[in-house]
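Residue numbers begin at 1 in each chain, while the letters A, B, ... track the order of the sequences. As a basis for the values below, the full set of heavy atoms in this structure was taken, side chains included, without hydrogen atoms, waters or symmetry mates.
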Amino acid sequence: MATRKEYRIKLISKELLNADTCYLGFDCPEIASSCIPGQFVNISAGTMFLKRPFGIASVDREKGTFNIGVKVVGKGTEQIKDFEVGTEVDCLGPLGNGFDFEGCDNVILTGGGTGVFPINFAYETLTVIGKNVTVCEGFRDARQVILNKDGYILTTDAGDMGIKGTVIAGLDTLTIEDPAKTLVCCVGPIPMMKAVSAWAEEKGMKCLVSMEQRMACGAGICLCCTVKVKDDGPDGYKNVRCCKEGPVFDSREVAWS
Amino acid sequence: MSKLLNVNVGSVNLKSPIILASGTCNFGRELAEYYDLSILGGISSKGLTIKPRNGNPGVRVAECASGMLNSVGLQNPGVHYFIENDLDFMKESGAAVIVNVAGHSFEDYIDMVTTLDPHKDKIDALEINLSCPNVKAGCMTIGSDPEAIKAITSKLRRLTDLPLWIKLTPNVTDIKATALAAQAGGADAVVLINTLMGMRIDIRTRRPVLTNNTGGYSGPAVKPVAIRMVAECAQVLDIPIVGCGGIADYKDVIEFMIAGASAVEIGTACLVHPALPVDITADLEKYCEDNGIELKDLTGTLQRW
């Protein structure tokens with residue numbers, strides 16, 4: 001059954017998490033009732049032509065609301081950050097494939113920068129369905145730390161909060177008892193996802209990564225947001241759509257550059 | 001659906017003037033999740049080549065004022081895969097099937113048309129892409145030269161009875177010359193316009209935003225350029241024009257038709273609102289009912305000063 005998947009949604013809450021990052025809550029029962037962790041929404045950005053994609057950070061299915069985190073990186077995100085509560089915007093979603101947690105007992109969630117937003121939604125979901133969850137998050141320094149909860153392993157590059165180093169320094173503190181039943185999920189900058197994938201693969205664990213690319217439609221029709229995956233063809237790789245085949249990929253399929 | 005929206009592009013009858021523009025709808029499958037494709041006049045496939053193409057690497061999109069630059073670079077699964085996996089889907093969608101044909105040389109285009117012609121029962125028209133700005137050879141290189149346009153069109157004309165729609169580039173000094181060349185070569189229609197070549201630069205890195213350096217500009221910003229080109233060509237052509245460029249609502253469709261278009265293609269606006277053709281179709285029906293007209297009567301009714 002075809003559905004327009006585009007909604008006029010109202011901003012119902014806004015919280016500043018640090019100097020350039022905010023946490024926005026929207027009212028949209030259609031998206032809140034159907035989205036899964038790792039999926040994203042495309043939200044119109046004021047006067048900008050294209051919508052902007054954001055991983056869903058939290059959902060309240062009873063209230064019919066969801067949250068996203070927005071870090072200002074350009075004109076579009078700047079306008080979204082300045083939205084006042086009550087503003088109505090066009091939103092397309094939920095989009096993308098999301099995380100598949102089937103077949104594992106333990107999940108190690110790893111996030112960096114704005115990647116901690118989709119990780120937060122994954123954490124909320126996994127604790128409800130009763131998986132053993134470990135969270136490890138990495139940031140540049142203490143000022144960047146957001147959405148950090150008790151029990152999370154925290155790392156900072158600067159070492160001014162948590163363990164000094166990258167998320168790998170945090171992950172190395174873990175004892176992996178059953179790698180075959182443990183899934184690693186990672187959302188963050190490419191170098192981080194690449195390192196976490198190598199760490200997981202070396203220990204015999206499956207790793208899912210959420211890729212990011214400049215995106216136009218989010219609906220799989222423009223082929224702008226492609227990601228390289230391994231392929232036997234003449235190029236040795238194949239371009240697939242981050243918004244449609246992804247954003248979540250098995251790390252072993254990604255042709256890292 | 002109302003008969004008021006019925007239009008003809010030469011011998012091709014369309015139930016509505018709305019065609020999804022090549023490169024903005026893949027082969028229609030994804031958009032079928034959003035609405036019933038049978039409301040459409042047609043779907044123009046993603047630009048196809050003989051062999052599969054991965055397209056351009058890196059960043060492929062850059063936002064611009066009221067539009068965007070893209071440098072996808074004709075990523076497509078190849079015509080053989082298309083025939084096996086997507087052509088039937090397009091045919092069954094209920095919209096007219098327009099197959100967009102791209103290539104790097106005359107031989108490529110000839111190969112493509114020869115490969116597609118045996119499937120003519122499933123195809124309503126071939127849209128010959130002589131205008132993609134994002135590949136190193138073929139397409140726009142051929143499409144900027146009237147002599148080359150005439151030569152390739154007449155070669156393809158001899159290979160198929162399928163309607164040949166030549167999609168032209170706006171990146172020329174005189175669009176009338178290239179449109180007339182297509183007509184002289186035996187084209188059944190011209191499609192005006194493909195994207196305008198552009199560049200954006202990241203002032204921090206001093207590098208182009210697009211990894212391909214340049215890309216094609218599309219979206220509402222280019223509409224006046226497209227309208228002007230349609231109106232200019234309508235004055236000199238005997239074959240129909242399919243208008244394309246920046247359409248975002250039903251009034252834009254009407255504007256194109258008054259300028260001289262028999263049908264239109266909608267693309268970039270659907271990247272922002274995938275179900276936009278549903279609204280435009282409903283608005284056009286209402287417009288025709290309110291004004292007591294059939295949409296096709298608008299074509300070429302421009303009253304110049």
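No side-chain donor-acceptor contact under 3.5 Å links B/Ser22 and B/Glu127. Side-chain contact annotation: B/Ser131 with B/Asn194, donor-acceptor N/O pair under 3.5 Å present.
Chosen from B/Ala269, B/Ala221, B/Cys270, B/Pro220, the residue pairing most often with chain A at heavy-atom distances under 4.5 Å is B/Pro220. Annotation: maximal heavy-atom pairing with chain B below 4.5 Å, among A/Gly74, A/Cys222, A/Gly218, A/Gly233, occurs at A/Cys222. Taking chain A as the reference chain and counting heavy-atom pairs below 4.5 Å, the highest number among B/Lys46, B/His273, B/Met68 is found for B/His273. For the set B/Asp36, B/Val61, B/Val59, B/Val209, the entry with the most heavy-atom pairs within less than 4.5 Å of chain A is B/Val61. Note: A/Glu6 leads A/Lys51, A/Glu6, A/Met215 in heavy-atom pairs under 4.5 Å with chain B. Counting heavy-atom pairs closer than 4.5 Å to chain A, the top-ranked of the candidates B/Gly267, B/Gly67, B/Pro274 is B/Gly67. Between chain A and the options B/Cys25, B/Gly219, B/Ala65, the largest number of non-hydrogen pairs under 4.5 Å is found for B/Cys25.
Atom-to-atom distance recorded for A/Thr3:OG1 and B/Tyr34:OH is 8.5 Å, nearest 0.5 angstrom. Rounding to the nearest 0.5 Å places CD1 of A/Ile43 at 12.5 Å from OG1 of A/Thr77. B/Leu31 contributes atom CG, which lies 4.5 Å from atom CD1 of A/Ile221 (distance to the nearest 0.5 angstrom). Note that NZ of A/Lys10 is 15.5 Å distant from SG of A/Cys91, once rounded to the nearest 0.5 Å. Atom CG of residue A/Asn97 and atom CD of residue A/Glu245 lie 8.5 Å apart, to the nearest 0.5 angstrom.
Interface remark: A/Lys75 contributes no atoms to any contact with chain B (heavy atom separation under 4.5 Å). Only the side chain of A/Asp90 has a heavy atom closer than 4.5 Å to any heavy atom of chain B. For chain A, the nearby parts of B/Thr268 are the backbone and the side chain; heavy atoms of each come within less than 4.5 Å. Looking at B/Lys51, there are no atoms closer than 4.5 Å to chain A (heavy atoms on both sides), in backbone or side chain. Looking at A/Leu223, the atoms closer than 4.5 Å to chain B (heavy atoms on both sides) sit in the backbone and in the side chain alike.
The pair A/Arg140-A/Asp157 does not count as a salt bridge, with every side-chain nitrogen at least 4.0 angstrom from each carboxylate oxygen. A salt bridge links A/Arg252 with A/Asp250; the closest basic N to acidic carboxylate O contact falls under 4.0 Å. A salt bridge is absent between A/Glu30 and A/Arg4: the closest approach of a Lys/Arg side-chain nitrogen to an acidic carboxylate oxygen does not fall below 4.0 angstrom. Using a cut-off of 4.0 Å between Lys/Arg side-chain N and Asp/Glu carboxylate O, A/Lys244 and B/Glu30 are scored as not salt-bridged.
The interface of residues 75-95 of chain B with chain A, defined by heavy-atom distances below 4.5 Å, comprises B/Gln75.
Take A/Thr87 and apply the side-chain contact (heavy atoms from CB on, under 4.5 Å) test, not counting sequence neighbours, and it matches A/Phe83, A/Glu84, A/Val89.
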